[in-house]
There are 2 protein chains.
Amino acid sequence: MDINQIAQMAGVSRATVSRYFNDGYVSQEKRAAIKRVIDKTGYVPSRQAKVLRTGKTDIVGVIIPKINSASVSRMVSGITPVLNDAGYQVLLANTDNDAAREVEFMRLFSERRQVDGVILVATIFTPAHLAALKELNTPLVVLDQSLSGYSCVYQDDYEAVRELTGQVLATAKAPAYIGVLEEDVSAGEMRHRGFLDACRECGVEVPEDAQELAEFTVDSGYSCAEAIMQARPHTDAIVCATDSIAFGALTYLHEHGLRVPEDVQVTGVGDSELAQVVTPRLTTVHHHYKTSGQEAAKMLLGTMSGDDTVARTVKMAYEIVRRASTR
Amino acid sequence: MDINQIAQMAGVSRATVSRYFNDGYVSQEKRAAIKRVIDKTGYVPSRQAKVLRTGKTDIVGVIIPKINSASVSRMVSGITPVLNDAGYQVLLANTDNDAAREVEFMRLFSERRQVDGVILVATIFTPAHLAALKELNTPLVVLDQSLSGYSCVYQDDYEAVRELTGQVLATAKAPAYIGVLEEDVSAGEMRHRGFLDACRECGVEVPEDAQELAEFTVDSGYSCAEAIMQARPHTDAIVCATDSIAFGALTYLHEHGLRVPEDVQVTGVGDSELAQVVTPRLTTVHHHYKTSGQEAAKMLLGTMSGDDTVARTVKMAYEIVRRASTR
DNA sequence: TTGTAAGCGTTATCAA
DNA sequence: TTGATAACGCTTACAA
């Protein structure tokens with residue numbers, strides 16, 4: 001069932017049928033005739049052929065570091081409806097935290113105009129990333145990290161952790177920090193700097209080795225908390241770079257008879273659903289992930305339509321959610 | 001940069017270049033000449049044109065009910081590598097638990113051969129679903145539900161909850177159950193029946209109204225637990241259809257001074273990451289979600305290659321994970 | 001082993 | 001307002 005058959009059945013040329021679907025530059029009678037045939041046959045134009053001819057895919061590729069992450073899923077749930085409403089399909093490419101695959105996907109998407117635009121939910125930027133980004137011939141928005149020269153939407157991690165730490169230090173004297181790799185500028189470097197600067201401002205001296213390095217997992221948070229409490233048993237607050245890490249810390253403290261928040265205060269970042277479930281409920285930073293996804297999608301829409309050619313940078317606001325794990 | 005230019009630069013016909021990429025029916029010299037040109041130009045064949053010509057998209061559509069779900073993400077992480085290794089891209093379509101969108105996506109995918117195959121991570125089957133499935137002219141595997149006449153991979157929910165309940169009843173006399181909608185056969189009906197049959201076998205009488213109906217959320221678990229404990233304060237075990245529900249129940253019990261497992265035992269299903277974090281750690285059913293995803297992907301691969309035309313049904317094994325929330 | 005030529009199903013240009 | 005006609009970039013008989 002192709003456009004030729006429809007044209008023949010409706011007694012018009014295939015160009016007219018094409019117009020029926022696109023410009024709409026068709027007389028009433030022909031329009032009616034064509035409509036009748038389409039209703040009867042259930043004809044739907046071939047997307048592939050259209051893509052080949054027009055060079056537009058109506059697909060946006062979203063590259064995500066992992067699928068099972070509260071923050072990522074919130075961003076995606078912000079992105080999807082905005083793009084769908086604008087007539088785009090969303091192709092999710094999951095890299096499972098593999099930087100090489102991330103680069104691969106960028107190449108794949110751009111090389112042959114697989115997609116009309118890309119949203120990169122970023123973590124780290126290797127030289128390979130930068131190179132791939134430079135060669136990208138497709139509209140792009142970077143989400144969750146800031147990268148100069150590109151349109152970005154990201155969270156104010158520095159300020160958030162700085163403020164949160166400041167609040168904790170009102171009642172704590174010996175804080176420790178569990179962070180993630182500094183290559184991840186947002187979650188690693190910025191949050192850590194927020195912690196350090198807050199300590200400095202409060203006149204709290206932070207030992208050189210005060211940072212433990214964790215993965216983004218609960219288990220990892222557990223072992224880091226263990227390392228901290230064994231090295232410095234008088235620690236009275238643990239600021240964690242993510243909620244997951246904080247959950248691990250909470251578990252360690254609980255199992256070792258340390259009370260939260262009386263003996264040790266604990267904080268996370270992310271305000272995941274779990275944060276309200278653990279005992280005690282976790283004080284954390286609420287990031288507007290979903291909204292940032294919407295924002296990124298809108299920006300991309302602007303770039304794709306060509307209206308909006310100049311790169312911009314959006315830093316999202318945050319909220320501190322005080323719960324029972326701090327005093 | 002198209003195949004014609006490459007052909008010209010290499011001094012061969014475009015058919016030979018095409019063969020270079022496909023059959024490989026090319027002499028050594030020409031092959032070398034073509035390779036040289038390709039290396040120099042970085043030429044990559046247009047996927048769109050190839051699709052148009054061959055009718056193969058090399059894309060598999062995976063329809064998922066929600067992105068932020070532990071079980072779904074595990075299934076997807078099983079599916080993706082299997083399909084990628086076989087040369088397929090995975091297009092994730094998120095329906096956000098909207099049955100109508102689920103049907104829409106099935107139509108979209110099948111109508112114009114957008115994809116070579118579909119994996120449907122199913123929850124419920126409405127008449128609209130059944131109709132759309134019937135019209136689907138694309139290889140399909142149903143994941144996480146059983147549906148006769150179609151290839152399926154699903155979890156043994158009945159047996160799992162039956163066995164788990166049996167264990168709980170060794171030390172409990174007044175069990176209650178928090179379930180989800182029975183329209184969801186796997187998570188709703190099967191788990192509930194497992195609970196009821198186990199009670200029957202142990203000679204425990206279950207009041208008619210012993211089931212509370214919850215959403216798949218923590219909050220919902222909280223209110224159902226509340227309803228149960230108010231209606232039947234002597235309840236000494238709450239079997240929950242999902243981990244999330246169990247977390248809510250745990251929170252309610254904790255806040256109301258009831259000890260778990262001494263006063264009330266609690267169980268979930270799913271063995272999500274959270275299950276090891278909450279206090280006390282949750283006894284639950286471990287389903288092999290990731291493996292079931294792999295299995296479904298392999299089945300689809302078989303159907304798509306045409307080898308494997310007869311529908312099959314795979315029921316996965318499970319494990320009961322006993323932790324601190326039961327005795 | 002290679003080249004020629006005929007499509008795949010559209011849209012865009014142009015003249016009518 | 002319409003219809004021929006020429007692309008879009010590739011694969012695949014078929015013939016050489």
Side-chain angles (χ1 to χ4, degrees), chain A residues 1-38 41-59 87 89 108-116 137-138, chain B residues 1-38 41-59 87 89 108-116 137-138:
Chain A
M1 185 63 40
D2 70 359
I3 199 174
N4 290 302
Q5 304 185 41
I6 304 299
Q8 195 174 7
M9 293 171 75
V12 301
S13 77
R14 78 158 165 275
T16 305
V17 178
S18 176
R19 280 188 211 101
Y20 173 91
F21 282 108
N22 301 289
D23 327 51
Y25 215 60
V26 182
S27 68
Q28 285 307 320
E29 312 147 41
K30 308 246 168 184
R31 177 174 301 278
I34 293 171
K35 181 168 180 357
R36 209 173 310 124
V37 175
I38 287 171
T41 58
Y43 165 78
V44 182
S46 155
R47 163 167 288 205
Q48 304 302 349
K50 181 169 181 163
V51 165
L52 179 62
R53 178 62 225 226
T54 60
K56 278 211 52 170
T57 61
D58 290 340
I59 294 180
Q89 268 190 77
L108 181 67
F109 281 160
S110 77
E111 253 162 4
R112 274 314 192 150
R113 298 231 151 52
Q114 289 270 29
V115 298
D116 292 345
N137 52 10
T138 283
Chain B
M1 183 66 38
D2 71 357
I3 199 173
N4 291 302
Q5 303 184 42
I6 303 299
Q8 196 175 4
M9 294 172 74
V12 300
S13 76
R14 76 157 165 279
T16 305
V17 178
S18 175
R19 282 189 207 100
Y20 173 92
F21 282 108
N22 301 290
D23 329 53
Y25 215 58
V26 182
S27 67
Q28 284 306 321
E29 312 146 42
K30 308 245 170 187
R31 177 175 301 277
I34 294 172
K35 181 170 181 354
R36 209 171 310 124
V37 175
I38 287 172
T41 57
Y43 165 77
V44 182
S46 153
R47 163 167 290 202
Q48 303 302 348
K50 181 171 182 163
V51 165
L52 180 60
R53 178 62 224 231
T54 61
K56 277 212 54 174
T57 62
D58 290 340
I59 294 180
Q89 270 190 78
L108 181 67
F109 280 160
S110 76
E111 252 163 5
R112 273 313 192 148
R113 297 229 151 53
Q114 290 269 30
V115 298
D116 292 345
N137 53 9
T138 284

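Because the structure is a prediction, the values reported are computed rather than measured. Every chain is numbered from 1 and lettered A, B, ... according to where its sequence line falls, protein lines coming before strand lines.
Each end of the helix from C/dT1-D/dA16 to C/dA16-D/dT1 yields a helix axis from five base pairs, and these two axes differ in direction by 40° (to the nearest 10 degrees).
The CD atom of A/Gln48 sits 10.0 Å away from atom OG1 of A/Thr57, with the distance rounded to the nearest 0.5 Å. To the nearest 0.5 Å, atoms CD1 (B/Ile3) and CZ (B/Phe21) are separated by 7.5 Å. Between B/Arg36 atom CZ and B/Met9 atom CE the span is 11.0 Å, to the nearest 0.5 Å. Residue B/Arg47 holds its CZ atom at 5.5 Å from CD1 of B/Ile59, rounded to the nearest 0.5 Å.
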*Carefully, step by step, assess A/Tyr20 and A/Val12 under the rule side chain to side chain contact (heavy atoms under 4.5 Å, CB included).*
CA-CA 11 Å; A/Tyr20 173 91; A/Val12 301; over 6 Å; no
*What do the steps show when you test A/Arg14 against A/Asp2 for side chain to side chain contact (heavy atoms under 4.5 Å, CB included), and what is the final call?*
CA-CA 10 Å; A/Arg14 78 158 165 275; A/Asp2 70 359; over 6 Å; no
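Counting non-hydrogen atoms of neighbouring residues, nucleotides and ligands closer than 6.0 angstrom, the CD atom of A/Gln5 exceeds 12 such neighbours.
For B/Thr138, there are no side-chain hydrogen bond (donor to acceptor under 3.5 Å, both in side chains) partners, not counting sequence neighbours.
When heavy atoms are screened at a 4.0 angstrom cut-off, B/Asp23 is found touching no nucleic acid atom at all. Residue-level contact check: B/Asn4 touches neither bases nor backbone, having no heavy atom under 4.0 Å from any strand.
For A/Ile3 and D/dT5, the CD1 to P distance is 17 Å, given to the nearest whole Å. Note: CD (B/Gln48) to P (D/dC10) measures 11 Å, nearest angstrom. Straight-line distance from the OH atom of B/Tyr20 to the P atom of D/dG9: 21 Å, rounded to whole Å. If you take CZ of A/Arg47 and C1' of C/dT11, they are 16 Å apart, rounded to a whole angstrom. With rounding to whole Å, B/Leu52 atom CG is found 18 Å from C/dA6 atom P. Residue A/Lys56 contributes atom NZ, which lies 12 Å from atom P of C/dA12 at whole-angstrom precision.
You'll find the side chain of B/Lys56 reaches within 4.5 Å of the side chain of B/Asp116, heavy atoms only.
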Expected rows: protein N/O vs nucleotides 1-4 of chain D N/O, under 3.5 Å:
residue	atom	partner	partner atom	Å
D/dT2	OP1	A/Ser27	OG	2.5
D/dT2	OP2	A/Ser27	N	2.7
D/dG3	OP2	A/Ser13	N	3.1
D/dG3	OP2	A/Ser13	OG	3.3
D/dG3	OP2	A/Thr16	OG1	2.6
D/dG3	N7	A/Arg19	NH2	2.9
D/dG3	O6	A/Arg19	NH2	2.6

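A donor N or O paired with an acceptor N or O is not found under 3.5 Å between the base of C/dT10 and the side-chain atoms of A/Arg53.
Residue B/Ser46 has no polar side-chain atom (N or O) positioned under 4.0 Å from OP1 or OP2 of D/dG9.
Among D/dC10, C/dT11, D/dT11, the nucleotide with an atom closest to any side-chain atom of B/Asn22 is D/dT11.
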